[in-house]
Amino acid sequence: IDRQGKCSVIIPTTPSPATRYCHSGVLFEDNERGPQMYIFAGKCGGRNSNRRLSDVYRFSLYTLEWHLCQQLGTIPPPRSAHAAFTFGRSMIIFGGRNASGECCEDIYDYSYDTSVWRQINTVYGHLVGRARHSVVLHNNTIVVFGGWNGKKKLNDMFFFNLETQTFDLITEVNTHGAPSRRECHVAVTCKNTMVIFAGRFRGEFMNDTF
C-alpha cells in the first residue's frame, strides 16, 4: 500500500515460501541489500494440523526476490503463534506453540550478519511461556502482555532487558481499569506508552483500546 492508499499485489521474481499462517515477519534495513523482510516458522496444513515450521526466509523489497536463509548455531524448534522483532542486527523471537502444541517459554537471537541462532538463557520458565501474545520493544527491553499459556488466557505483563538478560515480572493485572484476559491482540509503543487493541477471550471478540 502506498501513501495514497493504493494497494497492489507484489509478484515475486523467485518462488515464494510454502503456505503458512501464525508465522512472524520483521523488517531489517540492510545497507547493502536494502530493506529486507524476514519471516520465521508458522503453521501449515489444515486447521487440525500439528505441522509447524522452523525455516527462515528473507524477501528483498527492492528486487522482490525470496531467499531461503542459512541457519547455524542453536536453531529454535518448530513453532507458530510466536512473536518476533528486530533488535540491532538481530531478529529476536519469543514464545509460541511447538510441534506438540505446548506453549514455548524460550527466547532466541538470530544474527542477520552470521545466520547464527543462539538461545538466550531465561530463569522464569513456565511463568512466561505463552502463545498468541503481544510484544513490543522499548529502550532495549521486551514488554510482553497477555496471550495464552496452554491452559488459560492471560492479562499479565513482564519486562525482559536484552542487555542485562534479566526479567522484571509483573503478575496478573487485577487493578481497576486494566485490560481483561485476552489473546490474538496487537500492541505498539509511542514514546513511553504501550497501546494494546482488541483480542479474544472465551469466544468474545473485543474492540477495546488501552
Exercise for the section: Answer yes or no: are there more than 12 heavy-atom neighbours, outside R51 itself, under 6.0 Å from its atom CZ? Expected result: no
Would a 4.5 Å heavy-atom cut-off, applied to side chains only, mark [X] and [Y] as touching?
| X | Y | answer |
| --- | --- | --- |
| R200 | E183 | yes |
| T74 | Y108 | yes |
| C69 | H67 | no |

Exercise for the section: From the options D109, T114, D113, select the one residue that forms a side chain to side chain donor-acceptor pair (under 3.5 Å) with S111. Expected result: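 Only one option passes, and that is T114.
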Practice task
Would you mind telling me which of T189, T193, N192 makes a side chain to side chain donor-acceptor pair (under 3.5 Å) with H138?
Solution key: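 Of all the options given, the one that passes is N192.
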Between [atom1] of [X] and [atom2] of [Y], what distance do you get to the nearest 0.5 Å?
| X | Y | atom1 | atom2 | value |
| --- | --- | --- | --- | --- |
| D208 | I196 | CG | CD1 | 7.0 Å |
| R181 | D156 | CZ | CG | 9.0 Å |
| R52 | C22 | CZ | SG | 8.0 Å |
| F160 | T141 | CZ | OG1 | 9.5 Å |
| Y110 | R118 | OH | CZ | 14.5 Å |
| N140 | E163 | CG | CD | 4.0 Å |

Under 4.5 Å between side-chain heavy atoms, hopping through other hydrophobics if needed: is there a path connecting [X] to [Y]?
| X | Y | value |
| --- | --- | --- |
| F87 | F28 | no |
| M37 | M91 | no |
| I10 | W66 | yes |
| L137 | V128 | yes |
| F159 | V136 | yes |

Heavy-atom closest contact ([X] atom, [Y] atom, distance):
| X | Y | value |
| --- | --- | --- |
| N121 | Q165 | N-OE1, 4.4 Å |
| F40 | S54 | CE1-O, 3.6 Å |
| R20 | D55 | NH1-OD1, 2.7 Å |
| Y112 | T86 | OH-OG1, 2.8 Å |
| L27 | P35 | CD1-CB, 4.1 Å |
| C104 | R97 | SG-C, 4.1 Å |

With a 3.5 Å distance limit and no angle check, can you tell me whether [X] reaches the backbone of [Y] through a side-chain donor-acceptor pair?
| X | Y | answer |
| --- | --- | --- |
| S100 | E102 | no |
| T14 | E65 | no |
| R130 | G95 | no |
| H185 | F145 | yes |

Practice task
Evaluate the criterion side chain to side chain donor-acceptor pair (under 3.5 Å) for residue pair Y57 and S16; output intermediate values, then yes/no.
Solution key: CA-CA 9 Å; Y57 279 85; S16 300; over 6 Å; no
Exercise for the section: Decide yes or no on side chain to side chain contact (heavy atoms under 4.5 Å, CB included) for M157 and V143, but give the supporting numbers first. Expected result: CA-CA 7 Å; M157 184 167 65; V143 184; 4.1 Å; yes
Practice task
Start with the C-alpha distance between I142 and V144, add both sets of side-chain angles, then the distance that settles side chain to side chain contact (heavy atoms under 4.5 Å, CB included), and finish with yes or no.
Solution key: CA-CA 6 Å; I142 301 173; V144 178; 3.6 Å; yes
Exercise for the section: Just do the side chain to side chain contact (heavy atoms under 4.5 Å, CB included) check on L53 and H23 with the steps written out, would you? Expected result: CA-CA 9 Å; L53 306 168; H23 50 294; over 6 Å; no
Practice task
For N155 and F201, run side chain to side chain contact (heavy atoms under 4.5 Å, CB included): C-alpha distance rounded to whole Å, both residues' side-chain angles, the deciding distance at 0.1 Å, then the answer.
Solution key: CA-CA 11 Å; N155 72 330; F201 177 65; over 6 Å; no
Exercise for the section: Just grab all the side-chain hydrogen bond (donor to acceptor under 3.5 Å, both in side chains) pairs involving residues 26-41, residues at least two apart or on different chains. Expected result: Q36-R58
Handout entry: Close aromatic pair by centroid cut-off 6.0 Å: H133 and F94
Key = yes
